[in-house]
2 protein chains.
Amino acid sequence: MIHSLSLSDVLADHARSRPQVTAVVDGEVRLTYPELDARVTRLASALQGLGVSGGDRVVWLGQNAHAVLELLLACSRLGAVFCPANWRQAADELRFVVNDLTPAVVVWEPSEATTAVRDESAASARWVRAGEEYERLVEGAAAREFPQVDDGEPVLALYTAAFAGRPGAALLSSAALVAHATSLLVVRQMEPGFTFLNNGPLFHVGTMMFCLATFQIGGTNVFTPAFDPEEACRLIDAERVTQAFLFGPMIDAVAKANADGKYDLSSLRFVAHSAEWDGMITVDDSPWCRSKMGGYGQTEVGGMLTFLGLAEGGAGFAGRPSPLVQIRILAPGGSEVPAGEVGEICARGKTLFSGYFARPDLNAEKSAYGWHHTGDLGRREPDGTITFIGPKLRMIKSGAENVYPAEVERALKSHPAVADAAVIGIPDPDWHQAVKAIVTLRAQATEADLLEHVRTLLASYKKPKRITFVDEIPKRGFTPDYDALDETHGGGNYPGA
Amino acid sequence: MIHSLSLSDVLADHARSRPQVTAVVDGEVRLTYPELDARVTRLASALQGLGVSGGDRVVWLGQNAHAVLELLLACSRLGAVFCPANWRQAADELRFVVNDLTPAVVVWEPSEATTAVRDESAASARWVRAGEEYERLVEGAAAREFPQVDDGEPVLALYTAAFAGRPGAALLSSAALVAHATSLLVVRQMEPGFTFLNNGPLFHVGTMMFCLATFQIGGTNVFTPAFDPEEACRLIDAERVTQAFLFGPMIDAVAKANADGKYDLSSLRFVAHSAEWDGMITVDDSPWCRSKMGGYGQTEVGGMLTFLGLAEGGAGFAGRPSPLVQIRILAPGGSEVPAGEVGEICARGKTLFSGYFARPDLNAEKSAYGWHHTGDLGRREPDGTITFIGPKLRMIKSGAENVYPAEVERALKSHPAVADAAVIGIPDPDWHQAVKAIVTLRAQATEADLLEHVRTLLASYKKPKRITFVDEIPKRGFTPDYDALDETHGGGNYPGA
């Protein structure tokens, strides 16, 4: 256990190494690292008193608050698993989460949905109201010593990608979270003194990953219940915030809220966006901020799997792998596809999750051949960078060849006349399936035009045999509703179906 | 094994993600990452052919060369352990290394000492001459697939601190080396394109750690056999080197060699040193370079345990812990000493070694109470930073109290009149031992002056009972020769002796 470093261990070291540093700010609450450490010990003790032990789940149902970080750290100290669930969900969705995770304790803020679910499940889990009841719990508990917990144990559960219509809880260990945080320290060049405004939802890995990287370097996490442009300005100014969870329209909203220059946002070291914005903040030159932010990621890898900042000027739209992972583009049988060809983005490494909670069959499938299968398609470009093609929702089998709809759709959509495209497989007597495209146009183009365009981009067997033009492609979220398209356009014969 | 990331895995990813990047430069040799990967596979295959299998040792006896990195990576691919030994040692010291490690293969450059040891041990190990014979070995082997090796397995052995008169080989796993490299990426803010000149000895962790961090971020390692100021200038200019292994007098030597401005050293992003130097290079503003470089470290923690760059303006001379470790200052019984008091610097975390090769008793002692005991004394300052006091060579027992000679020596040496000081314990009928100081002066001072000075700095029981003034204190390396001092000045009765 000499090599173990759990989130609880990181906190214990910060309490010694950074006794005067502010760990969290949340409204009137300000806690130094020793104060946070002491509260976390008492909270762990209190949770234990409520029956929580190693491997048990604790759920948070509420907006952002410092209690989210405290509960995560207390679960780390206890060896339990913490899940900040999406409080915006409908009662039926929350009911699913509670039935799926069977938590020992739920800390909740009242809403119509949370109240409904609480009334049903108060017998099986202890429900603690956020705010006063939570505070009494922390204050009333006695400090005690906890034995070391191995950092390979899961500590955080985040619900993500729906499988068979219901999301799964991705389990992340302390080791994975510490490794991912460290990769952000590298790419964002975070230093002591880093102050992060947690204004995005903490049930999502995008905000959580920066919260944890800020924690890892011994910086300050500022919590605000939800994004409000004016309040974000006030907090950036008051707390000398280094970075917030902002992109595109959120940046515009903050710039607009501070159009009169009322707030000093110069402490923010962030990505360039607009002349107005760049004039208010300090444009940051770390790899994370210097070019386009981000890369390719998913909850199952702790956040980011690739970084654009590690591939400036690269050909691939997703950049290069994090320094703590390796990536292979694999064919369905587990063999590596050559550079330039599309396959599933697969990974190994320090930041990877420990599987979904209580999904043994899915976990076996996702870790086939010793590689985590992201469920997303990608391609190696000649310079080694990676392009994210799209979700591998399903595969078309044409002869011996695998055809991924997302890849063909991407090729079709690169034609200037194409507004949208979806690709399905239709039964074919000779080839098992044939590729069919459903396309909406924004300008004049014929089937022959589009087929010729695709021919220049893809292997011949991937080219649609037929294209049907429609006014609108039905969607399920961001992706085509393939079931509806199959129904309407004669799809079928999918392998494995 | 989905979470494993060995050095071999990092190389395999670089070969895919950085096909055009130069991995190593060594004289006429230039290898891209795919070329290095292919050579490492063939070398691993060749070593296997010579009888090397999992856990076996491979030794390098020679100056710096790209073969050092190749052998390390090939051992990682095979699951073997690589040791770049100190080729400067005398035959007797080299003989000890070979008898201690019992390597399967030794790759050697001829010198009087290496030739002598080779002639004795050619029967038990396969000796391969560096250069042509090594090249034939690599070129002649066939590529093959190697199964994944767990990153917790030791891969690098570096001889370090002498115990009972002989050094021990600290075993570092891929996981520890990757974690340490990543901590350097954070503190030195290393980015893709980083080019490191390996001009310090690679048998020492100081150069090796930057070689591996450069490898980790997919940068370029330039090798030169040994430090030569003019050649360093030439290589910095020709290869656009970002950083070299330089400090103090080496920097002066490089600046002097380039006094005429013949070489363009502006690619070097390094620490400020002198007006002349700062004018030649680009002064770097990363935490590693911004204040004083370094911190506290040792081979057993992969290099650095604390960083000055994480504690700018801090009170402690050693800075704050690496983001991937935790530190406790422990008393001999394993309890934590309060801030402000001296104890042994102990650590846990991702960068720690796996023990010394074939030293089970020493390993048990060094990992007592679940913490790695560095063998060095330190103190937490009120701001949480750490001060390195000195090696915990031995302890004096005065009554129930522990007195560390290094702490008392440090207090004595802070008096302006004291040139040098050594502290021993002498038998005492009432207190078991009493503290005695041996001091050399550079200016006038009395015993009373020095005792009064020490009284203001240390607890009374640590104050010497008697001070003896001498002309010179006998040394063993950098530390006082305590055995000689005990002999001359009546030392004895040490606990545990």
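When reading the values below, keep in mind they use all heavy atoms of this one structure, side chains included, and skip hydrogens, waters and symmetry mates. All chains are named by letter (A, B, ...) in the order of the sequence lines, taking the proteins before the strands, and each is independently numbered beginning at 1. Every value quoted in this text rests on a predicted model; they were computed, and no experiment measured them.
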Exercise. Using heavy atoms and a sub-4.5 Å threshold, report which of residues 209-219 of chain B line up against chain A, by residue number.
Key: B:Gln216, B:Ile217
Quiz item: Are A:Thr41 and A:Arg77 linked by a side-chain donor-acceptor pair shorter than 3.5 Å?
Solution: yes
Quiz item: In terms of heavy-atom proximity below 4.5 Å to chain B, should A:Arg16 be classed as side chain, backbone, both, or neither?
Solution: both
Quiz item: What part of B:Phe353 gets closer than 4.5 Å to chain A, counting heavy atoms only: side chain, backbone, both or neither?
Solution: backbone
Practice problem: Give, as side chain, backbone, both or neither, the part of B:Leu324 having an atom under 4.5 angstrom from any heavy atom of chain A. | Solution: both
Quiz prompt | Side-chain donor or acceptor of B:Glu35 paired with backbone N/O of B:Thr32 under 3.5 Å | solution = yes
Quiz item: Do we see a donor-acceptor contact under 3.5 Å between the side chains of A:Arg380 and B:Ser17?
Solution: yes
Practice problem: Using atom types as modelled and distance alone, determine if a side-chain donor or acceptor of A:Thr385 lies under 3.5 Å from a backbone N or O of A:Gly316. | Solution: yes
Quiz item: Highest number of heavy-atom pairs under 4.5 Å with chain B: which of A:Met190, A:Gln20, A:Arg328, A:His14?
Solution: A:Arg328
Practice problem: Could you check which of A:Arg290, A:Glu312, A:Glu381, A:Met1 has the highest count of heavy-atom pairs closer than 4.5 Å to chain B? | Solution: A:Arg290
Quiz prompt | Top contributor to chain A contacts, counting heavy-atom pairs under 4.5 Å, from B:Ile329, B:Ile327, B:Val21, B:Ile386 | solution = B:Ile327
Practice problem: Measure distances from B:Val325 to the heavy atoms of chain A and classify the residue's part below 4.5 Å as side chain, backbone, both or neither. | Solution: backbone
Exercise. Below 4.5 Å from any heavy atom of chain B, which atoms of A:Ser4 appear? Answer side chain, backbone, both or neither.
Key: backbone
Exercise. Please confirm whether the backbone N or O of B:Ala318 pairs with a side-chain atom of B:Thr306, one donor and one acceptor, at under 3.5 Å?
Key: yes
Quiz item: B:Val187, B:Asp151, B:Val178, B:Leu352: which one forms the most heavy-atom pairs within less than 4.5 Å of chain A?
Solution: B:Leu352
Quiz prompt | Heavy-atom closest pair, residues A:Gly294 and A:Met304 | solution = C-CE, 3.5 Å
Quiz item: Are side-chain heavy atoms of A:Leu11 and A:Val40 found at a separation under 4.5 Å?
Solution: yes
Quiz item: Taking side chain as C-beta onward, heavy atoms only, is B:Val337 less than 4.5 Å from B:Val342?
Solution: no
Quiz item: Is it true that A:Arg188 and A:Asp284 have a side-chain N and a carboxylate O under 4.0 angstrom from each other?
Solution: yes
Quiz item: Taking side chain as C-beta onward, heavy atoms only, is A:Trp288 less than 4.5 Å from A:Leu184?
Solution: yes
Quiz item: Side chain, backbone, both or neither: which part of B:Pro323 has a heavy atom under 4.5 Å from chain A?
Solution: both
Quiz item: Most heavy-atom pairs under 4.5 angstrom with chain A, which of B:Glu336, B:Glu191, B:Arg18?
Solution: B:Glu191
Quiz item: Does A:Phe307 reach the side chain of A:Ser183, with side-chain heavy atoms less than 4.5 Å apart?
Solution: yes
